[in-house]
Amino acid sequence: MPKLKINDQDVEVSPGTSILQAAEQIGVEIPRFCYHDKLSVPANCRMCLVELQGAPKPVASCAMAAGDNMVVYTHSDKVKKARNGVMEMLLINHPLDCPICDQGGECDLQDQAVAYGFDRSRYHEHKRAVPDKNLGPLIKTVMTRCINCTRCVRFGEEIAGVETLGQLNRGEDAEIGTFIETAVNTELSGNMVDVCPVGALTSKPYAFKARPWELKKTETIDIHDGLGCNIRVDSRGSEVMRILPRLNESINEEWIDDRTRYAYDGLKKNRLDRPYVRDAKTKVLRESTWEEALSVTASALTSTPPAQMAAFAGDLVDVESALALKDLMASMGCSNVECRVDGAMFDPSVKAGYVMNSTLEGVERADLIILVGVNPRHEAALLNARIRRNWLDRRVKVVLVGASAELTYPYTHAGTAPKDVVKLAQDYAGKAKYPMMIVGAGVFKRPDAMALHALLKDTAEKIGCLSDDWNGFNVLHMAAGRVGALEIGFYPPQPLAIEQMSCVYLLGTDNPETISRISKQAFVIYQGHHGGAGAARADVILPGSAYTEKNAIYMNTEGRPQMARKAVDAPGQAREDWKIIRALSGYRGAPLRYDDLSQIRARLMREYPQFDLMDEVSIGSWDKFGMSGNVLDQSFHVTVEDFYQTNIITQASDTLRECSRVFTRGETPLAEAAE
């Protein structure tokens with residue numbers, strides 16, 4: 001392993017490590033613009049120049065591999081003079097936009113100019129101006145600010161898998177753009193704003209809304225898919241102003257998808273901020289007090305036989321709220337609880353049968369990836385990015401059984417039905433050391449789901465997905481609250497006959513698959529944060545809190561519990577879901593045995609200790625799951641038809657509705673249509 005000296009400090013590094021990376025290992029910071037540790041190295045900004053003993057001129061530390069006995073100086077007079085020159089060249093055409101630039105206050109160019117910039121310019125020629133590009137409804141461009149670092153180009157090509165952006169022309173005429181004007185059509189486009197070191201690319205929905213130093217920053221968890229991406233919610237007062245990614249190498253690295261990033265405006269629209277009760281005479285929902293709404297709800301629950309009532313926990317429900325609802329139903333002798341509100345009827349008795357056993361990081365270890373009834377680009381965009389990186393690095397073979405999809409890597413389409421899954425066992429048995437099967441949870445929305453679950457288990461074993469140090473069987477959930485609810489047993493002993501229930505409790509449930517099956521005569525209680533299909537069907541509405549408005553635990557598709565934290569207050573009279581259920585139990589005369597969050601979490605972790613292993617994946621033992629039976633010869637259907645409209649929050653978001661128009665339906669952007 002090479003040993004070198006950096007600023008008279010010895011350091012030993014792995015072969016292939018660059019000087020810049022070696023300096024970071026000992027805490028020496030080297031400025032850079034084009035270098036990004038998740039992207040390829042172009043070495044075109046020259047800001048990371050260092051002095052290498054014996055070299056005739058400064059070298060770019062990002063592109064120079066560390067060698068044995070090298071002597072490097074990162075802050076010598078020679079280096080400072082070189083960096084001053086580079087900064088002066090970068091600022092030749094850069095406009096003085098800092099007072100009105102959304103990047104102001106968190107701009108790499110500003111930060112480096114403080115250390116290496118002059119207090120005036122020596123350049124008196126005409127400054128170059130570059131026309132702005134229309135990249136769609138999410139990215140705002142001011143291309144005169146661009147310093148041609150090509151980070152956005154490399155992100156598009158290497159991570160997102162789209163080649164929309166490129167560098168055009170040469171010399172002074174060089175610019176970033178599209179050969180033919182088009183929007184950046186990728187589920188990860190917002191990350192281009194993050195990687196831009198200047199203000200050339202900024203967030204269009206966030207433009208001129210706030211300054212970074214005005215915002216309260218809250219570290220929490222995303223709920224728009226099953227990955228549990230780590231995010232930071234920036235808020236001002238009671239309003240969420242923007243959402244940014246947090247670094248977590250095990251889950252989302254430092255990226256988030258556009259649904260996570262831009263759905264926050266949906267948190268202000270169509271909110272339920274007060275209780276409602278349906279009038280017995282007019283059959284119209286009217287505003288009520290909490291006391292009246294809880295009394296009516298308690299009366300309906302008490303007067304209904306346990307066998308004729310059911311409770312459903314929706315896709316965005318946290319673990320504490322699901323546990324409180326389960327305890328409430330159990331106190332009435334009712335076991336009719338269900339969290340699989342989309343109709344997916346797989347076997348929940350064995351944890352290894354419904355989680356992502358390989359973990360998200362395990363994707364990079366796999367040497368064969370089999371996708372069954374899943375489109376990872378739309379169901380988990382960050383998982384799709386990991387698969388693409390595995391393909392770029394190792395050319396891993398990807399096989400798809402199900403509806404064809406426009407993925408960001410080549411794949412073999414091996415069929416569309418369960419019979420084609422059976423054939424995989426013949427074609428790929430023993431062909432890989434670490435084969436991975438990823439099954440979309442949507443494949444179980446069929447009458448033969450239990451038999452299909454057993455078939456998938458058998459096929460995974462025959463292919464070789466199970467070994468002493470590897471479990472390659474994975475189920476990918478889109479619902480953030482699904483795995484946590486399954487872990488606490490929020491499912492019935494037998495499939496529910498919803499049509500026969502005379503009282504139904506909908507906790508954050510807006511899925512048409514469930515609501516359409518409820519009898520017209522049934523009494524429906526809806527508890528949630530947005531007015532949607534569930535609220536429209538309800539006889540009582542209890543306003544709850546959205547994910548940014550409460551402290552809660554969610555378990556992602558790997559089975560990893562994570563903590564979400566409250567960023568803003570809920571609007572109006574809305575309350576946290578578990579508190580509403582606790583209050584309701586008091587109106588029934590049988591209060592639940594916890595009064596604050598610490599007590600309900602103590603109850604949770606006492607009975608389900610896996611939730612005490614925060615941020616850790618608890619491994620489930622492999623056992624028999626599913627049920628023997630005939631599997632129908634039906635093709636797997638598409639689970640997600642519109643990436644931008646997948647839950648009640650995204651459907652309320654003006655930004656994501658516009659994305660749906662432009663990217664999914666291919667319509668003209670509203671801004672262009674107005675012109």
Side-chain angles (χ1 to χ4, degrees), residues 187 224-228 257 259 315 339-348 352-360 362-363 366 368-388 398-409 411-422 424 435-457 459-460 463 465 472-483 486 511 513 556-559 625-626 631-632 634-643 645-647:
E187 298 75 21
H224 291 290
D225 59 25
L227 301 187
D257 65 45
R259 191 172 47 202
D315 294 345
C339 65
R340 296 165 294 178
V341 293
D342 58 355
M345 289 294 112
F346 51 86
D347 183 357
Y354 62 80
V355 297
M356 193 160 189
N357 297 287
S358 305
T359 73
L360 295 170
V363 172
L368 170 67
I369 299 176
I370 297 171
L371 307 176
V372 180
V374 64
N375 180 348
R377 182 172 178 179
H378 287 168
E379 296 180 42
L382 274 304
L383 170 64
N384 189 69
R386 285 186 182 268
I387 296 174
R388 174 172 171 77
V398 181
V399 181
L400 172 65
V401 177
S404 59
E406 189 178 346
L407 301 178
T408 57
Y409 38 82
Y411 64 87
T412 300
H413 195 194
T416 62
K419 64 180 181 181
D420 301 306
V421 175
V422 175
L424 292 177
M436 169 183 279
M437 177 185 288
I438 302 176
V439 182
V443 308
F444 300 111
K445 295 164 63 174
R446 43 192 289 158
D448 60 344
M450 297 293 280
L452 176 61
H453 205 184
L455 172 69
L456 291 168
K457 171 188 176 294
T459 303
I463 291 173
C465 292
F473 181 82
N474 304 281
V475 175
L476 177 63
H477 293 276
M478 273 205 65
R482 181 72 51 84
V483 174
L486 291 171
N511 301 66
E513 294 92 341
N556 76 348
T557 193
E558 303 170 293
F625 53 81
V631 177
L632 302 176
Q634 295 179 354
S635 296
F636 299 122
H637 66 280
V638 176
T639 303
V640 179
E641 296 181 354
D642 189 345
F643 170 79
Q645 300 286 281
T646 54
N647 60 50

- request: Please list, chain by chain and in numerical order, all residues satisfying ring-ring contact (aromatic ring centres under 6.0 Å, His included) with Tyr409, sequence neighbours excluded.
  value: none

- request: Start with the C-alpha distance between Phe636 and Val374, add both sets of side-chain angles, then the distance that settles side-chain contact (heavy atoms from CB on, under 4.5 Å), and finish with yes or no.
  value: CA-CA 9 Å; Phe636 299 122; Val374 64; over 6 Å; no

statement: Residue set satisfying ring-ring contact (aromatic ring centres under 6.0 Å, His included) with Phe444, at least two apart, ordered chain then number -> Phe346, His453

query: Would Tyr411 and Leu371 satisfy side-chain contact (heavy atoms from CB on, under 4.5 Å), going step by step from the backbone distance to the final call?
result: CA-CA 10 Å; Tyr411 64 87; Leu371 307 176; over 6 Å; no

- prompt: What are the two closest heavy atoms between Ala414 and Leu424, and how far apart are they?
  reply: CB-CD2, 4.1 Å

query: Taking all atoms of both residues into account, what is the closest heavy-atom pair of Leu632 and Asp448, and its distance?
result: N-OD2, 2.6 Å

task: Identify, with sequence neighbours excluded, every residue that meets side-chain hydrogen bond (donor to acceptor under 3.5 Å, both in side chains) alongside Ser404.
output: none

query: Judged by atom type as modelled, is there a donor-acceptor pair below 3.5 Å linking the side chain of Arg388 to the main-chain atoms of Thr408?
result: yes

task: Check side chain to side chain contact (heavy atoms under 4.5 Å, CB included) between Ala454 and all other residues, then give those that pass, not counting sequence neighbours.
output: none

- line: Between Arg446 and Leu452, the two heavy atoms sitting closest are CD-CD2, 3.8 Å

Residues Asn375, Leu407; criterion side-chain contact (heavy atoms from CB on, under 4.5 Å); working and verdict: CA-CA 8 Å; Asn375 180 348; Leu407 301 178; 3.3 Å; yes

- request: Any salt bridge (charged side-chain N to carboxylate O under 4.0 Å, His left out) involving residues 373-383? Give me the pairs, sequence neighbours left out, ordered by first then second residue.
  value: Glu187-Arg377

- line: Asn556 meets the side-chain hydrogen bond (donor to acceptor under 3.5 Å, both in side chains) criterion, sequence neighbours left out, with Glu558

query: Among all residues two or more places apart in sequence or in another chain, which pass the side chain to side chain contact (heavy atoms under 4.5 Å, CB included) test with Thr557?
result: Leu227, Met356, Leu476, His477

message: Applying side-chain hydrogen bond (donor to acceptor under 3.5 Å, both in side chains), can you list everything that pairs with Gln634, at least two apart in sequence or on another chain?
response: none

- prompt: Which pair of non-hydrogen atoms, one from Thr639 and one from Gly373, has the smallest distance, and what is that distance?
  reply: OG1-O, 4.2 Å

- line: With sequence neighbours left out, the residues meeting side chain to side chain contact (heavy atoms under 4.5 Å, CB included) with Val422 are Leu455

query: Checking Asn357 side chain against Ala352 main chain: does a donor-acceptor pair fall under 3.5 Å?
result: yes

message: Rounded to the nearest 0.5 Å, what separates atom CG in Leu400 from atom CG in Asp420?
response: 10.5 Å

query: With sequence neighbours excluded, what pairs up with Asn511 under the side chain to side chain contact (heavy atoms under 4.5 Å, CB included) test?
result: Asp315, Val341, Asp342, Thr509, Glu513

Flag side-chain contact, heavy atom, 4.5 Å: Leu382 against Asp225: no

message: Between Asn474 and Ser358 (side chain of the first, backbone of the second, donor and acceptor by atom type, cut-off under 3.5 Å), is there such a pair?
response: yes

field: Distance in Å, Met437 CE paired with Lys457 NZ, rounded so as to fall on 0.5 Å steps
entry: 12.0 Å

- prompt: Could you give the distance from CE (Met436) to CD1 (Ile369), rounded to the nearest 0.5 Å?
  reply: 6.0 Å

Nearest heavy atoms of Thr459 and Val421, plus distance in Å: CG2-O, 3.4 Å

- prompt: Mind checking what makes side-chain hydrogen bond (donor to acceptor under 3.5 Å, both in side chains) contact with His224, not counting sequence neighbours?
  reply: Asn647

- request: Applying ring-ring contact (aromatic ring centres under 6.0 Å, His included), name anything that partners Phe643, two or more places apart in sequence or on another chain.
  value: none

message: Could you measure the distance from the CZ atom of Arg340 to the NZ atom of Lys445? Nearest 0.5 Å is fine.
response: 13.5 Å

query: What is the minimum heavy-atom distance between Ala417 and Val401, and which atoms define it?
result: O-CG1, 3.7 Å

